[in-house]
Protein chains: 2
Amino acid sequence: MSFILLLDMSDPLATLPPSSSVGDYVKAIWEIAGSEAASTKDVAARLSVSSASVTNMFGRLQEMGLAEYERYRGASLTAAGRREALRLVRRHRLIETFLLEHLGYSWQDVHEEAERLEHAVSDEFTERLADMLGHPGRDPHGDPIPAADGTLAVESLKSLGETEAGQRVLIVKVKDDSAQVLNYLGERSLVPGRSVKVREVRALDGVVTVEDEGGVEHALGESLARAVFVQSTLEGVQDPVAPA
Amino acid sequence: MSFILLLDMSDPLATLPPSSSVGDYVKAIWEIAGSEAASTKDVAARLSVSSASVTNMFGRLQEMGLAEYERYRGASLTAAGRREALRLVRRHRLIETFLLEHLGYSWQDVHEEAERLEHAVSDEFTERLADMLGHPGRDPHGDPIPAADGTLAVESLKSLGETEAGQRVLIVKVKDDSAQVLNYLGERSLVPGRSVKVREVRALDGVVTVEDEGGVEHALGESLARAVFVQSTLEGVQDPVAPA
DNA sequence: CTTATATTTTAGTCTTGCCTAAACTGTAAA
DNA sequence: TTTACAGTTTAGGCAAGACTAAAATATAAG
Ligand SMILES: [Mn+2]
Ligand SMILES: [Mn+2]
Ligand SMILES: [Mn+2]
Ligand SMILES: [Mn+2]
């Protein structure tokens with residue numbers, strides 16, 4: 001007696017997890033446009049690939065059911081695509097937190113490493129890591145970490161540029177990819193979890209001057225002030241992580 | 001005034017790290033044959049790919065300077081190939097150690113996860129991890145971890161099958177890829193770091209009976225006995241890691 | 001010395017993911 | 001309403017890495 005076992009390995013999508021390329025494209029669309037349509041150009045710029053490559057991938061994402069794509073009109077994520085994006089973002093931010101808290105990385109270096117690792121770890125690994133980290137709510141940059149079920153709280157924070165002199169505020173998030181910017185702010189401990197007092201918000205040139213917990217004053221140019229997001233100290237602290 | 005910057009990105013080896021495929025092939029050759037030549041068939045079996053794919057990769061490895069390849073005669077690693085293999089093995093074993101000690105994985109599950117992660121982590125990550133782990137000498141299965149400089153101590157251990165009744169020995173290493181085997185031994189705490197007393201080595205069928213630290217006896221069949229490597233309890237303990 | 005068999009290689013394809021160059025489209029300004 | 005141009009798509013290629021089927025080779029057995 002003999003058997004022939006026929007497995008249909010011809011459908012690469014059904015079971016297999018998306019490749020790292022596919023994942024990065026989906027994540028890029030999510031980061032650029034959320035639920036809206038992301039343009040070919042923007043995705044190309046973010047991923048450092050040619051526009052032609054993006055057009056090609058938009059078509060494939062549609063095949064895979066991860067995005068809807070209309071020629072000349074960009075691609076927007078389907079529910080499945082959003083789910084996949086959030087899964088990667090959760091991994092990415094948990095990994096960043098681990099790198100900073102347990103391996104001694106500085107917060108400007110965690111992103112690059114996480115960008116690769118997010119595609120290599122399993123769901124098992126991710127949840128065990130979350131456990132080990134005590135289920136943090138935010139990553140080192142203050143970005144909220146999506147829950148395991150794909151939930152992500154919407155948040156409306158104001159930037160330092162939108163505050164007024166006299167207010168005491170808590171730094172919640174720093175939104176900037178540049179290592180120089182992160183390094184500058186990190187060295188001065190202007191990081192999530194710290195609170196500062198707003199001394200001056202100068203309309204003329206957008207410079208915001210703040211006084212840190214040690215009484216030291218820092219003058220931040222418009223772009224810097226727009227990258228630092230805060231909340232009133234009165235509101236509850238939403239699990240800030242303290243980078244180096 | 002303008003400049004045109006010409007980068008020769010046409011040489012993919014010079015700077016770029018080997019792909020995970022290339023890495024796995026190099027590692028397979030090392031694991032199968034060490035410094036000798038590994039056959040097409042053996043590598044194909046270990047990596048679950050066709051022989052034709054292996055022949056193709058052998059040629060590429062030679063192009064890359066990672067292996068020497070002679071038709072019909074298999075491939076052997078060059079110094080560069082050995083270096084690359086050891087680099088991956090170091091990562092793999094450190095990652096396994098981390099998974100077991102810090103994420104609560106069981107020792108039969110660590111291999112699969114490490115097999116993917118070894119290609120995604122940076123040297124930076126690897127050395128920081130080694131630091132965090134306290135520079136362990138062995139992984140959860142008792143395999144020695146290559147040093148950062150590519151050094152790996154040669155070792156000559158005997159298996160349980162080669163011991164004699166009456167000896168008290170320390171389990172140093174368990175050489176078996178099967179999850180069932182690892183699970184069986186793990187549940188009985190017959191793992192690296194534990195010591196046992198050899199009760200009987202039966203020539204007839206190769207069954208070895210040992211008494212563990214709690215006085216419980218275990219009869220191990222020939223294949224199991226050949227998978228468990230030990231050293232005399234009198235010799236120095238070489239940094240054993242204790243799996244679950 | 002021949003032959004059978006296991007192993008290996010060759011030949012021909014396929015998919016993924018990237019590229020450049022050329023053609024096309026949508027839209028905002030003239 | 002035409003036009004210019006930024007943005008997009010198409011066309012054509014390429015490299016990595018896998019596969020199957022067919023041909024070639026080494027070697028062990030007769
Ligand atoms: Mn990524
Ligand atoms: Mn982040
Ligand atoms: Mn691997
Ligand atoms: Mn191991």
Side-chain angles (χ1 to χ4, degrees), chain A residues 4 6-29 32-33 36-64 66-76 115-116 119, chain B residues 4 6-29 32-33 36-64 66-76 115-116 119:
Chain A
I4 295 179
L6 278 184
L7 291 185
D8 183 9
M9 297 306 282
S10 63
D11 184 350
L13 171 66
T15 23
L16 270 72
S19 69
S20 31
S21 271
V22 169
D24 280 338
Y25 275 94
V26 166
K27 206 157 58 89
I29 296 172
I32 290 169
E36 306 299 302
S39 73
T40 303
K41 187 184 86 123
D42 289 352
V43 172
R46 169 162 281 256
L47 298 181
S48 303
V49 295
S50 70
S51 293
S53 297
V54 175
T55 297
N56 179 262
M57 184 61 90
F58 277 2
R60 291 177 51 209
L61 292 179
Q62 182 153 53
E63 295 299 290
M64 301 180 215
L66 295 173
E68 275 167 44
Y69 167 51
E70 207 171 341
R71 269 160 57 265
Y72 291 98
R73 213 148 293 261
S76 54
E115 197 58 53
R116 270 174 291 111
H119 309 289
Chain B
I4 296 178
L6 276 185
L7 290 185
D8 182 9
M9 297 307 281
S10 62
D11 184 351
L13 171 66
T15 24
L16 270 72
S19 70
S20 31
S21 273
V22 168
D24 280 338
Y25 276 93
V26 166
K27 204 156 59 89
I29 296 172
I32 290 170
E36 306 298 300
S39 75
T40 303
K41 187 183 85 121
D42 289 352
V43 172
R46 170 164 278 255
L47 298 181
S48 302
V49 294
S50 71
S51 293
S53 299
V54 175
T55 297
N56 180 261
M57 185 60 90
F58 278 1
R60 291 178 50 212
L61 292 179
Q62 181 153 53
E63 294 298 292
M64 301 180 216
L66 296 173
E68 274 167 46
Y69 167 51
E70 206 172 340
R71 267 159 64 265
Y72 291 99
R73 213 146 293 260
S76 54
E115 197 58 50
R116 271 174 290 108
H119 308 289

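Throughout, protein chains are lettered first and strands after them, A, B, ... in sequence-line order, and every chain is numbered starting at 1.
Within 4.0 Å of A:Val22, counting heavy atoms only, lie sugar-phosphate atoms of the nucleic acid but no base atom. Residue contacts for B:Phe58: at a heavy-atom cut-off of 4.0 Å it reaches no nucleic acid atom on any strand shown. Among the atoms of the strands shown, only primed sugar atoms or phosphate atoms (P, OP1, OP2) are found under 4.0 Å from some heavy atom of A:Tyr69.
Here the CD1-CG distance, from A:Ile29 to A:Leu66, works out to 8.5 Å after rounding to the nearest 0.5 Å. A distance of 5.0 Å separates CD in B:Glu115 from CG in B:Asp24, rounded to the nearest 0.5 Å. Taking CZ of B:Phe58 as the reference point, atom OG1 of B:Thr40 lies at 5.0 Å (rounded to 0.5 Å).
Comparing A:Ser51 and B:Ser51 against DNA chain C, the residue whose closest nucleotide sits nearer the 5' end is B:Ser51. Sequence order on DNA chain C of the closest nucleotides to A:Tyr25 and B:Ser39 puts B:Ser39 first from the 5' end.
By the side-chain contact (heavy atoms from CB on, under 4.5 Å) test, A:Glu68 is found to be paired with A:Gln62, A:Ser76, A:Thr78, residues two or more places apart in sequence or in another chain being considered. For A:Ser19, the side-chain contact (heavy atoms from CB on, under 4.5 Å) partners at least two apart in sequence or on another chain are A:Ser21, A:Val22. Checked against salt bridge (charged side-chain N to carboxylate O under 4.0 Å, His left out), A:Arg71 has no partners two or more places apart in sequence or in another chain. Contacts of B:Ala44 classified as side-chain contact (heavy atoms from CB on, under 4.5 Å), with partners at least two apart in sequence or in another chain: B:Ser51, B:Val54.
The two residues A:Ser20 and A:His119 make their nearest non-hydrogen contact at CB-CG, 3.3 Å. Across every non-hydrogen atom of A:Ala37 and A:Arg73, the tightest pair is CB-O, 3.7 Å.
Picking from C:dC19, C:dT8, D:dA18 the nucleotide with the shortest atom distance to the side chain of B:Met57 gives D:dA18. Looking at the side chain of A:Ser53, the nearest of the listed nucleotides C:dC18, C:dT10, C:dT8 is C:dC18.
Applying the 4.0 Å criterion to OP1 and OP2 of D:dA18, one finds that B:Ser21 has a side-chain N or O inside that range. At C:dC19, one or more side-chain N or O atoms of A:Ser50 fall inside 4.0 Å of OP1 or OP2 (strictly under the cut-off). Between A:Thr40 and the phosphate of D:dT9, there is a side-chain N or O to OP1/OP2 separation shorter than 4.0 Å.
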Taking only N/O atoms, report every protein-nucleotides 4-6 of chain C pair under 3.5 Å with atom names and distance.
none

Tabulated below should be each protein N or O lying under 3.5 Å from an N or O of nucleotides 22-26 of chain D; please produce it.
unit_1	atom_1	unit_2	atom_2	d
D:dT25	O4'	B:Tyr72	OH	3.2

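Rounded to whole Å, atom C1' of D:dA15 lies 13 Å from atom CG of B:Leu16. We find that CG of A:Asn56 is positioned 13 Å from C1' of D:dG12, with the value rounded to whole Å. For A:Leu61 and C:dC18, the CG to C1' distance is 15 Å, given to the nearest whole Å.
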